[in-house]
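One structure is given here, and the rest of the page talks about it.
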Protein chains: 2
Amino acid sequence: MLIRTPGDLGAVIRDRRKRLKLDQATLAKRIGVSRQWVIEVEHGHPRAELALVLRALDVLGIPVDVNSGGPTSRGSTSAVDINAIVTKAKEGKT
Amino acid sequence: MLIRTPGDLGAVIRDRRKRLKLDQATLAKRIGVSRQWVIEVEHGHPRAELALVLRALDVLGIPVDVNSGGPTSRGSTSAVDINAIVTKAKEGKT
DNA sequence: TATAAATGTAGCCGCTCGCCGACATTCCGA
DNA sequence: TCGGAATGTCGGCGAGCGGCTACATTTATA
């Protein structure tokens, strides 16, 4: 699942929480935040604290992976095609 | 690259920015934040806004991927086996 | 149906964010 | 060597976060 907005993240978190049969209060305690925080984040709160979000994902056992863009360029465009990436993302798909 | 702390994220962002030959000011403008924000985040600021961080990653063309617990994407669960724990505890249904 | 749990909402408060503007320092090229 | 750009730092300011308590609503259980 690609994350591009707080909403995506919220959905993932909520989904995972339910799968783990955890209620918001319990999850909140494990993360070290208030229940309200969990609610807000699950609803896609855009201004949540980075560290808390990462902690939440960690507690839920959700690994966050990013493509730092291999420096050795794995047989593809040598340069960086930000344009292509962003454009494609904006367009959606073909 | 697995992201577990704001520091990890900052490193990735900085690395990518340099690779794109962008200065902080330019990147900041593209993301829609101040230069100070870029500096803080690159230094691993733990309380940055989620949405801004995601936007930064997007601008830099860095896809963020998470394992929302797909059927075949059964993680290795090397760190915390919350799944196993909870599952076992809840076991008894079906 | 009645009860309890879980979820969502509201207002108040302290604290920090993110921004602005300016300046010091470091880095790199001419 | 010199100069300019890039980077990092400082102080102040308005705005909103995140925590708390209590309550309303929805859902699930007995």
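Quick note on labels: first sequence line is chain A, next is B, and so on, each numbered from 1. Just so it is clear, the model here is predicted, and its values are computed rather than measured.
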task = Sort out for me which residue in A:K21, A:R14, A:R19 forms a side-chain contact (heavy atoms from CB on, under 4.5 Å) with A:R17.
result = A:R14
ask   = Are A:V33 and A:V38 side-chain neighbours, meaning at least one heavy-atom pair lies under 4.5 Å?
value = yes
inquiry  = Side chains of A:L50 and B:H45, heavy atoms from C-beta outward: is any pair under 4.5 Å?
reply    = no
message = Is there a side-chain contact between B:L57 and B:L9 in this structure, where contact means two heavy atoms from C-beta onward sitting under 4.5 Å apart?
response = yes
ask   = Roughly how many Å is it from CD1 in B:I39 to P in D:dA6, rounded to a whole number?
value = 13 Å
message = So if I take the C1' atoms of five pairs at each end of the helix from C:dT1-D:dA30 to C:dA30-D:dT1 and get each local axis, what angle do the two axes make, rounded to 10 degrees?
response = 60°
query = Do A:D8 and A:L2 have side chains that get closer than 4.5 Å, going by heavy atoms?
reply = no
task = May I ask you to test the A:V12-A:L60 pair for a side-chain heavy-atom distance under 4.5 Å?
result = no
Tabulate atom names and distances for all N/O pairs under 3.5 angstrom spanning the protein and nucleotides 10-18 of chain D.
{"unit_1": "D:dC17", "atom_1": "OP1", "unit_2": "A:H45", "atom_2": "NE2", "d": "3.2"}
{"unit_1": "D:dG18", "atom_1": "OP1", "unit_2": "A:E49", "atom_2": "N", "d": "2.7"}
{"unit_1": "D:dG18", "atom_1": "OP2", "unit_2": "A:H45", "atom_2": "NE2", "d": "3.4"}

key: Separation of atom NE2 in B:H43 from atom P in D:dT7, rounded to whole Å   = 10 Å
query = Does B:R17 put a side-chain nitrogen or oxygen below 4.0 Å from OP1 or OP2 of D:dA6?
reply = no
inquiry  = Going 5' to 3' along DNA chain C, between which two nucleotides do contacts with chain A fall, using a heavy-atom cut-off of 4.0 Å?
reply    = C:dA6 to C:dA10
request  = Quick one: pull up CD in B:Q24 and CZ in B:R35 and give me the separation to the nearest 0.5 Å.
outcome  = 6.0 Å
